[in-house]
Engineer: 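Got a structure for you, written out below as structure tokens; questions coming shortly.
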Amino acid sequence: MYDEILVPTDGSEAVDRALDHALRLASDHDATVHALYVVDRRIATANSGDLHDEIVEDLEAQGREAVGAVAERAEAAGLAVETSVVRGTPDTEIVSYADERGIDVIVMSPEGKSPRERIRSLGSVSDRVADDASVPVFLIK
């Protein structure tokens with residue numbers, strides 16, 4: 001039923017809870033786990049001065065570390081894993097990745113932002129992914 005499982009990561013503890021479920025699901029279905037980190041282009045654009053390149057490099061390094069942590073856990077569980085760090089708007093890139101790679105299900109956590117932050121950013125990434133994805137999205141609280 002599920003051959004390809006996407007776990008978007010921002011490196012936070014909330015991802016760990018979603019990853020627990022994704023790994024169980026992947027194990028049950030002998031599926032490949034995809035770890036995706038999106039370097040938010042809005043952050044890079046807002047910092048277009050002298051430090052722009054350094055900030056983007058730092059964000060990409062954080063992304064490699066975040067997907068590496070997911071890969072480590074998936075490999076320890078005996079699962080196949082693919083990692084990717086991309087630039088763009090997180091919700092758009094997550095949905096695009098799922099469509100382009102034939103993902104069967106997205107597993108993510110809606111946590112990470114306070115209610116005030118969610119209002120300020122017009123909702124959460126997970127809300128927008130759940131609304132726009134063409135595949136099931138499991139939101140793990």
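Quick note: numbers below take in every heavy atom, side chains included, and nothing from hydrogens, waters or symmetry partners. In this text, all values refer to a predicted model and were calculated from it rather than measured experimentally.
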Engineer: CG/L19 to CG/L25 distance, rounded to the nearest 0.5 angstrom?
Structural biologist: 11.5 Å
Engineer: Between V105 and I5, is the side chain to side chain contact (heavy atoms under 4.5 Å, CB included) condition met? List the steps.
Structural biologist: CA-CA 5 Å; V105 63; I5 298 173; 3.7 Å; yes
Engineer: Grab the two heavy atoms, one from V135 and one from I103, that are nearest each other, plus how far apart they are.
Structural biologist: CG1-O, 3.1 Å
Engineer: Using the rule given for side chain to side chain contact (heavy atoms under 4.5 Å, CB included), can you reason through V70 versus T83, listing the C-alpha separation, both sets of side-chain angles and the distance that settles it, and then say yes or no?
Structural biologist: CA-CA 8 Å; V70 171; T83 64; over 6 Å; no
Engineer: If you look at every heavy atom in H29 and Y2, which pair is closest and at what distance?
Structural biologist: CB-O, 3.2 Å
Engineer: Does the pair L139 and V137 meet the rule for a side chain to side chain contact (heavy atoms under 4.5 Å, CB included), with working shown?
Structural biologist: CA-CA 6 Å; L139 298 178; V137 178; 3.7 Å; yes
Engineer: To the nearest 0.5 Å, what is the distance between CG (D53) and CD (E57)?
Structural biologist: 6.0 Å
Engineer: Tell me, please, which residues at least two apart from D131 pass side chain to side chain donor-acceptor pair (under 3.5 Å).
Structural biologist: none
Engineer: Look at the side chain of T89 and the backbone N and O of D91, then say whether any donor-acceptor pair between them is shorter than 3.5 Å.
Structural biologist: no
Engineer: May I ask you to say whether R87 pairs ionically with E93, meaning some side-chain N is under 4.0 Å from a carboxylate O?
Structural biologist: no
Engineer: Considering non-hydrogen atoms only, spot the tightest contact between S84 and V67 and give its length.
Structural biologist: O-CG1, 3.7 Å
Engineer: Heavy atoms only: give me the nearest A18-S109 pair and the separation to one decimal.
Structural biologist: CB-N, 3.8 Å
Engineer: Would you mind reporting whether D20 and R73 have side-chain heavy atoms less than 4.5 Å apart?
Structural biologist: yes
Engineer: Quick one: does M108's side chain get under 4.5 Å of I94's, heavy atoms only?
Structural biologist: yes
Engineer: Say you draw a straight line from CG of D99 to CG of D132; how long is it, rounded to the nearest 0.5 Å?
Structural biologist: 10.0 Å
Engineer: Quick check: do P8 and I106 have side-chain heavy atoms less than 4.5 Å from each other?
Structural biologist: yes
Engineer: Kindly write out the residues that satisfy ring-ring contact (aromatic ring centres under 6.0 Å, His included) with H21, not counting sequence neighbours, or none if the list is empty.
Structural biologist: none
Engineer: How long is the span from the CD atom in E65 to the OH atom in Y37, to the nearest 0.5 Å?
Structural biologist: 9.5 Å
Engineer: Between R42 and P90, is any pair of side-chain heavy atoms under 4.5 Å apart?
Structural biologist: yes
Engineer: What is the distance from atom CG of L59 to atom CZ of R64, rounded to the nearest 0.5 Å?
Structural biologist: 10.5 Å
Engineer: Which heavy atom of D10 sits nearest to which heavy atom of A66, and what is that distance?
Structural biologist: C-CB, 4.4 Å
Engineer: Tell me whether T32 contacts the main-chain N or O of E4 through its side chain, where contact means a donor paired with an acceptor under 3.5 Å.
Structural biologist: no
